[in-house]
Structure formats: C-alpha cells, structure tokens
Amino acid sequence: MNTIKSRIKTCLSQIDNHAKAGQTVDLVACSKGHSIIEIEQAAAAGLHQFAENYVQEALPKITALSPQHIEWHFIGPIQSNKCKEIANHFAWVQTIDREKVAQRLNDQRPASLPPLQVLIQLNLEQEKSKSGVTLDELPQLAETVSRLPRLQWRGLMAIPKQHHNPQAQQHVFKQIHHAFTTLKQRYPQLDTLSIGMSGDFQTAIEHGATMVRIGTAIFGPRR
Ligand SMILES: *Cc1c(COP(=O)(O)O)cnc(C)c1O
C-alpha cells in the first residue's frame, strides 16, 4: 500500500473513533504544496474533496484533475480581484470574511453552476495574522450572506490558535461550537462546522466538527 493511501486509512479510522453516533465528519484533503500526482493518489484512495489556498497554484491542478470529479474548496485569504476565478472554479469557499467578497462571489458565480457552498470564517481570538470575523461582527455578515441567492451558506470555519494547554485548547473549540449552535437557532439550514487540522482534528471532532481539513497527516510535510 502506498503511503498516502495508508495515511488516509489511518485518518479515516481516527475520525471514526472520535465521532459520536450520528455525527458525520467530512474529510477535506488540503493539497497546497503537493503535486497533481499526489492528489491523484489520494483521489484513487477514495477522497473526493480537496482544498487549496492560492488561486494560482490551484487552477492548473483543477484543470488537470477535471476528469476526477473532485469537489474543490477554497481555504485561503480572499483578495477581491480573485473572486471571479474562485467563483468559476471552486464548489466551496470556506473563508468568507467580509461583505464585499460575499457580494462579488455571488455576482460572479456562473448561472450554469449550482450555488457556491460557503462558510464564514470566524476569528474568535482576533489574531491579526488570520482573516475572519469576530463574534461581534458575525451576525451582520451572516445576515448578508444568508440573503445572497448564488451563495448557499452552510456554516462556520475556524483556524483556532494552537494552545499547549489542553484545557485552553478545548475552551476555544467549545466557544466556536457554541457560536455555531447559537447561529443555528436563527438559521436552521446550517449544517457545517469546519474545524480541525492534522494536529487537532480528534479534539475538534469531539467538539462538534462536521468537517476537518487535513494536509500533513495525509500528504506528509509540504515542500
Ligand atoms: C494548510 C491548511 C490546513 C491543513 O493543515 P495541516 O496542519 O497540514 O493539516 C487546514 N486549514 C487551512 C486553512 C490550511 O491553510
């Protein structure tokens, strides 16, 4: 068995072990810094959702892999001049962080494609190095995104800071999950909480993740 295939098997069984009965968790493979051949191997091992952070890096991969019927997620910071390409080539955008970008993605989503599946990125700890809205800004952006007809708003995405103290780490996940369940009371259609990466996906799943984004644990270190 090749390494990518066996790593995927390990990830899937860990996901299974940490999910509660009835909790489905989608595995999105983060392929930035990895080649078309490596993505093909992961697709051959059964994965069909992949994520990229940079439009320039993603487009050649999306074109080359078009026969594979991959669902592509955009997970990088969004520059507004890149909205058109993102709206044309991706099925999901997980990093909506402002109204202007939401409006542009909506306006530029081609009529021939289904609505763009989107998540709002939450930056709970207000880290300057990361995009995303604060808890205070969330309700207003949520209202805007929920009304845009070419976007289908599915939930929240976050990249929580790594805390060495497990209690502090769990506290952040609890707050994110709380924000998600609170929003769901107003928007019952929400079904996606995208938290958890190679280093913390088990904990994220225990705190209600329905989608994990895993790079290193599938592909190994990035070049
Ligand atoms: C790269 C990346 C990941 C995957 O990170 P790993 O630690 O390699 O699993 C997940 N989410 C985002 C937003 C990323 O940029």
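Just follow the structure's listing: the first ligand is 1, and inside any ligand the first atom is 1. Hydrogens, waters and symmetry mates are skipped; everything else that's a heavy atom, side chains included, is used.
- With rounding to the nearest 0.5 Å, the separation of CD1 in I78 from CD1 in I96 is 5.0 Å.
- Partners of Y187 under the ring-ring contact (aromatic ring centres under 6.0 Å, His included) rule, at least two apart in sequence or in another chain, are W153.
- Applying the 6.0 Å contact sphere to CD of Q167 captures no more than 12 heavy atoms from other residues, nucleotides or ligands.
- Other members of a hydrophobic cluster containing I37 are absent, since no ILVMFWY side chain comes under 4.5 Å of it, directly or through relayed contacts.
- Sorted by chain and number, the residues within 4.0 Å of ligand 1 by heavy atom are C30, K32, N53, I75, M157, I159, M197, S198, R213, I214, G215, T216, R222.
- Using a 4.5 Å heavy-atom threshold, the side chains of M197 and I159 count as touching.
- Qualifying salt bridge (Lys or Arg N to Asp or Glu O under 4.0 Å) partners for R154, counting only residues two or more places apart in sequence or in other chains: D191.
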